[in-house]
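Read the structure below first, then the notes.
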Amino acid sequence: MTVDLSTAFGRLRLKNPIATASGTFGYGLEFADYLDLASLGAISVKGLSRRPCHGNPPPRICETDAGMLNAIGLQNVGIDAFLAEKLPELARLGATVIANVWGDTEEDYVAVVERIGHERRVAAVEVNVSCPNVVRGGMVFGNNPEALAALVKRIRSATRHPLVVKLSPNVTDIVASARAAVDAGADALSLINTLVGLAIDLERREPKIGFTTGGLSGPAIRPIALRMVWEVRTALPKIPIFGMGGIETVEHVVEFLVAGANAVQIGTANFRDPSLAGRLVGELAAWCESHDVARVSDLVGTLRTRPRKDHSFA
Amino acid sequence: MTVDLSTAFGRLRLKNPIATASGTFGYGLEFADYLDLASLGAISVKGLSRRPCHGNPPPRICETDAGMLNAIGLQNVGIDAFLAEKLPELARLGATVIANVWGDTEEDYVAVVERIGHERRVAAVEVNVSCPNVVRGGMVFGNNPEALAALVKRIRSATRHPLVVKLSPNVTDIVASARAAVDAGADALSLINTLVGLAIDLERREPKIGFTTGGLSGPAIRPIALRMVWEVRTALPKIPIFGMGGIETVEHVVEFLVAGANAVQIGTANFRDPSLAGRLVGELAAWCESHDVARVSDLVGTLRTRPRKDHSFA
Amino acid sequence: MAVNESLRVLKTIHYDEGHYSLFLSAGAIGARTKPGHFAMIQAGEGLRPYLRRAFSIADVTTMAGVPALEFVIKIVGVGTAALARFAEGTPLPVLGPLGVPFPIDDLLHSDRVALVAGGIGLAPLVLLARTLAARGIAADLFYGGRNENDVLKRGDFERFLGPHRCRYATDDGSLGRKGRVTELLTHALARGGRYRRVYACGPVAMFRALATLLADANLEGSFAMESEMACGFGVCLGCVVPMTDGRFATICKEGPCVPPTAIDWARL
Amino acid sequence: MAVNESLRVLKTIHYDEGHYSLFLSAGAIGARTKPGHFAMIQAGEGLRPYLRRAFSIADVTTMAGVPALEFVIKIVGVGTAALARFAEGTPLPVLGPLGVPFPIDDLLHSDRVALVAGGIGLAPLVLLARTLAARGIAADLFYGGRNENDVLKRGDFERFLGPHRCRYATDDGSLGRKGRVTELLTHALARGGRYRRVYACGPVAMFRALATLLADANLEGSFAMESEMACGFGVCLGCVVPMTDGRFATICKEGPCVPPTAIDWARL
Ligand SMILES: Cc1cc2nc3c(=O)[nH]c(=O)nc-3n(C[C@H](O)[C@H](O)[C@H](O)COP(=O)(O)OP(=O)(O)OC[C@H]3O[C@@H](n4cnc5c(N)ncnc54)[C@H](O)[C@@H]3O)c2cc1C
Ligand SMILES: Cc1cc2nc3c(=O)[nH]c(=O)nc-3n(C[C@H](O)[C@H](O)[C@H](O)COP(=O)(O)OP(=O)(O)OC[C@H]3O[C@@H](n4cnc5c(N)ncnc54)[C@H](O)[C@@H]3O)c2cc1C
Ligand SMILES: Cc1cc2nc3c(=O)[nH]c(=O)nc-3n(C[C@H](O)[C@H](O)[C@H](O)COP(=O)(O)O)c2cc1C
Ligand SMILES: Cc1cc2nc3c(=O)[nH]c(=O)nc-3n(C[C@H](O)[C@H](O)[C@H](O)COP(=O)(O)O)c2cc1C
Ligand code: FES
Ligand code: FES
């Protein structure tokens, strides 16, 4: 049996559903020694801004139980340097490139997507409205459905690229965020970004992260991410979803697909093992074969839930 | 140096800041073989309802990375059996008892606290408005500041016991929940309850939990819990706070105090080691001594944060 | 009363098919253990596994002259895999003995009982067989597995009960009768065997079949049940099964040994 | 180019004060390693530690005839504690060699250099000393620790550089001069020592003092810096330090060996 790994993702067709998550995969090129970039479904590059950005003062990262906190503050080379220096090389290596973008204001976002313009070597634009590590922008959009809708509308009218909106999990109602983004013109959703956390250096009685709080990622958040993917899939049966949060093994990949993701992004696990994402492509094919799944898309959203019965009284 | 562990907690004075969390400590009596109940600051018993409750159909629990999911569905003996059969024994053993209560409706909550009445062997009432594992009640109150305020007001007028409101972390703005509860008459806050998560049994393609989703607890959630305690402490400098979420060691206890909790509750870790909470009391005294802290209350809210500086551009 | 203590790994004996016997120093738990009791073992200090795991105390014995608890374990996941790898001397936190043991105090010398094991369900029956033998109560063992390698500790059972009282069934016929363990019991009953009580441990499918069989034959049973457990001593309320009286009962506290008639098999 | 491979534990030698040498099979990393390079090591499959940890490749050598990488490690937390406990033969995922090594290609035979180590900062200087010795370049070692037990691998340094070129300082005076390692260098300079370059590794406080000292003496330096690292190859942007040009630079990719003049010590 040859397994069909190809994945329809709105207007995109991905080779397979294994992509890599923004901020955990650099500009992709750094991984060329450890895996074949062309073998991945897609790679989402480090969040790009209108101008080059220095990011936040250190310390920026710390390990936590089954995960880590980060407050990088979106350090990046800027959209111009990306398009001039990174993108041609990525294209040469056969990578399917998703440009992850951010800004402090609506104008900033629009400026970045306008610079991308009709660039065909960018397969899709992923809008980060959910970075918890900046004072302006970031989560201000992601945690407020009205602000989110207004932002997505403006970006939508500024680009014809497939538009993926990356949602913040730090919300009461992820479905409300999802609906706001989709109604405003998003073609697809990415979930989840990191959860806001705090870790303390006890000897100094200071936060371990210079920005005080940071974004929690890694296996610790996987159950929350899976739940949100499932909730959004249930509410919006048609929207393409990138699922992510603590994925480390092929079983985790399949769990996200079953919960409703059309494709997944590997994040923090790239730090633990830079060859992982490439290996998962092969492992996914093997998993499907051993489970008699002919097309990986047949797995999507197949979670069998029972009607929710809660407590009964004596 | 003898360390003063005593902890002012609103109208309560606790022997020490080490309490145990509702649902993870049974009715306390089950732990009498493993520690001295009188040695703890307080114990919060399994959530009590107006009538005995059978809870949710199994499976109810599963392990996740650095934590677990549960959807017990608040199985309990009911307030009457608790008062008649458990409380006298708890009092005899010298335990400081917090009655954790819940209901499907405002009336249910009021009925429970009215049954507690002026019972002096109950030191405080802790209102669970944040259980994610029930269809009615529970988080419906916890995730909506208006509903929360209305509920707390009604309970406030029905009891003269110190009123602790236990908040849901599944919200965009924990400070808004905290303010709503405090403005409506809460004497103190407990945070956090569990985060809603999903785990999947891949061979069956079914949720591992019968209720589909469950509440995530354990070390995985500690950074989120610490952050919320710090946020609420910063916004509401005076309100007594029970901090909890993944506490396993004396260092974790001190981290919560430094972040702003006046006392902590040990939760899931009681399952890993039923003697833990008792041991932590001694370890906390030793920690304070070795760090020249004369009174444990001197630690509360002493996190030194810097002004938040985020990214700069090139 | 259960004890929360640290026990040393004395020895690990590996069998085929990912099974092994883990011997821990007996501590204070040994003297308190009755057949059917279980213990919660923490497999190391790490985060994976996070919670303790439940295991029947298969035997209270000695290992190289030292009082020991024996656990017979099948590797099915992270916890059972981790426990297989500890070096001799490693201290492991153990809570036990826990739960309701098999009811045996009411047995008379003249009674005959049956022991039914499916796969790793042999574990709690070892100490039961030893104890019954010591009391001079006759017991027949019916023990089924997938194949010969899946049927463990035959030597012990045959020594305690007598070889003629031990009958085996395997899926592939490599040992004993080809077929299900319940068929062994059916045949014994058909040949006129009468049992005061049937003690059983095995997978849910076996329990279901056996419950029906016992009900039909009007025989009393005591089943050592399993369930995923977070605490093991009745406080998390995670390990419940539906009961015929409508309640959910904890397997760790009201069980693990329960009469099959108390379980609501239809809702399980 | 770095390699992501699995290396076997060959041997672990424990020293006093929680220090140890960890020898791993050299794999493809050995042949590519230059003095100052580091590697990211995953301490087992568990969740604690979760991320790989960064260690200088202290030496490329042989252990019982097998090509080996040596790491000299101080136990400070879960990862360094876990790495101390692996049995011989255990495979560990290793990524390396990483980073910018010490600049040595431009050294002339007539040049003299200084090596300054504080505590565990000796690690990257072992292979540097070996390499300089092989090239016939004279080097003085100034090595400070808390006490005699804190000063490691003296035999190696004295063999490579000559005993007379190795000077020590300890906080308690138990070995060499009582005081700071920077004082050793100050004295050497006062006595007329001239160095083409000063290679250093140690705690931040030592780096700060040394940076001032070198600036005052107008000496060139190369510091092997540390920082908490998630990836080790420039993609997480977690390990940055502030630079004098206003940027934040990754220690893993633009370092670990950097000229002290490039670091903005005031903002660090
Ligand atoms: C009272 C009692 C006595 C037991 N005695 C023995 C024994 O003597 N020997 C033995 O090998 N096993 C015994 N078990 C089962 C044993 O507890 C599980 O095999 C073990 O918990 C699995 O842990 P794991 O980390 O290896 O598997 P995990 O990685 O946690 O899970 C692997 C699979 O095992 C299932 N599982 C997990 N926990 C349990 C559980 N408690 N019961 C049944 N299935 C489970 C999971 O659903 C999953 O399908 C007993 C269980 C109970 C409740
Ligand atoms: C390029 C480089 C080379 C290094 N070479 C060596 C070496 O040869 N030998 C050696 O013993 N150590 C070396 N270190 C330091 C080593 O990486 C840390 O000691 C280790 O990561 C601590 O891990 P842990 O799990 O034991 O400590 P944790 O439990 O993670 O933390 C314990 C303490 O160590 C601090 N810490 C954690 N990571 C680092 C880090 N990367 N650098 C500095 N402090 C840290 C933490 O802030 C905390 O205070 C090097 C670090 C870098 C960046
Ligand atoms: C160090 C780090 C940097 C990140 N930077 C970005 C970013 O620039 N843009 C973005 O949309 N997400 C960013 N993320 C979030 C990840 O893309 C991902 O959503 C999150 O980490 C959850 O997945 P994981 O648990 O697999 O890491 C970053 C995460 C980490 C750990
Ligand atoms: C099995 C289980 C049952 C719980 N039941 C209750 C409950 O009845 N009432 C309540 O307020 N919180 C309940 N909780 C939440 C805990 O009290 C606590 O808020 C949460 O688990 C976080 O702390 P931890 O990570 O230390 O466990 C329960 C938690 C668990 C794990
Ligand atoms: S395992 Fe916790 S109640 Fe049974
Ligand atoms: S450690 Fe990740 S960029 Fe340096």
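It should be emphasised that the depicted structure is a prediction, and the values quoted were computed from it without experimental measurement. Numbers restart at 1 for each chain; the letters A, B, ... are given by sequence-line order, proteins then strands.
- The greatest number of non-hydrogen atom pairs below 4.5 Å with chain B, out of C:Gly234, C:Ser227, C:Ala2, C:Pro93, is found for C:Ala2.
- In this structure, chain B has a heavy atom under 4.5 Å from the side chain of C:Gln42, while its backbone stays farther away.
- With B:Arg272 contributing its side chain and C:Leu51 its backbone, the two residues share no donor-acceptor pair below 3.5 Å.
- Heavy atoms closer than 4.5 Å to chain C are found nowhere in B:Pro52, neither backbone nor side chain.
- Looking at residues two or more places apart in sequence or on another chain, you find a side chain to side chain donor-acceptor pair (under 3.5 Å) between B:Asp65 and A:Arg222, C:Arg48.
- The choice from B:Pro274, B:Ala66, B:Gly55 that makes the most heavy-atom pairs within less than 4.5 Å of chain C is B:Pro274.
- Annotation: C:Lys253, atom NZ; neighbour count of heavy atoms from other residues, nucleotides and ligands within 6.0 Å is above 12.
- Contact count versus chain B (heavy atoms, under 4.5 Å) is highest, among C:Val78, C:Leu47, C:Leu268, for C:Leu47.
- Of residues 23-35 of chain B, those residues lying under 4.5 Å from chain C by any heavy-atom pair are B:Gly23, B:Thr24, B:Phe25, B:Gly26, B:Glu30, B:Phe31, B:Asp33, B:Tyr34.
- When the candidates B:Ser275, B:Gly218, B:Pro59 are compared by the number of heavy-atom contacts under 4.5 Å with chain C, B:Ser275 comes out ahead.
- Separation of atoms CE (C:Met40) and CG (B:Asp273) is listed at 12.0 Å; rounding is to 0.5 Å.
- In this structure, CZ on C:Phe248 lies 11.0 Å from CD1 on B:Ile72, to the nearest 0.5 angstrom.
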Under the side chain to side chain contact (heavy atoms under 4.5 Å, CB included) rule, what do B:His54 and C:Val240 come out as? Steps first, then yes or no, please. CA-CA 10 Å; B:His54 289 325; C:Val240 299; over 6 Å; no

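- Interface residue C:Leu237: backbone and side-chain heavy atoms are both found under 4.5 Å from chain B.
- In this structure, C:Arg53 pairs ionically with B:Glu63, as a charged nitrogen and a carboxylate oxygen lie closer than 4.0 Å.
- Residues B:Arg60 and C:Gly238 come closest through the heavy atom pair CB-O, 3.8 Å.
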Walk me through whether C:Val235 and B:Asn270 qualify under side chain to side chain contact (heavy atoms under 4.5 Å, CB included). CA-CA 9 Å; C:Val235 298; B:Asn270 293 311; over 6 Å; no

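- C:Val241 has its side chain out of reach of B:Pro58: every pair of non-hydrogen atoms, C-beta onward, lies at least 4.5 Å apart.
- Proximity to chain B (any heavy atom under 4.5 Å) is restricted, for C:Met229, to the backbone atoms N, CA, C and O.
- Considering only heavy atoms from C-beta on, B:Phe271 stays 4.5 Å or farther from C:Arg52 through its side chain.
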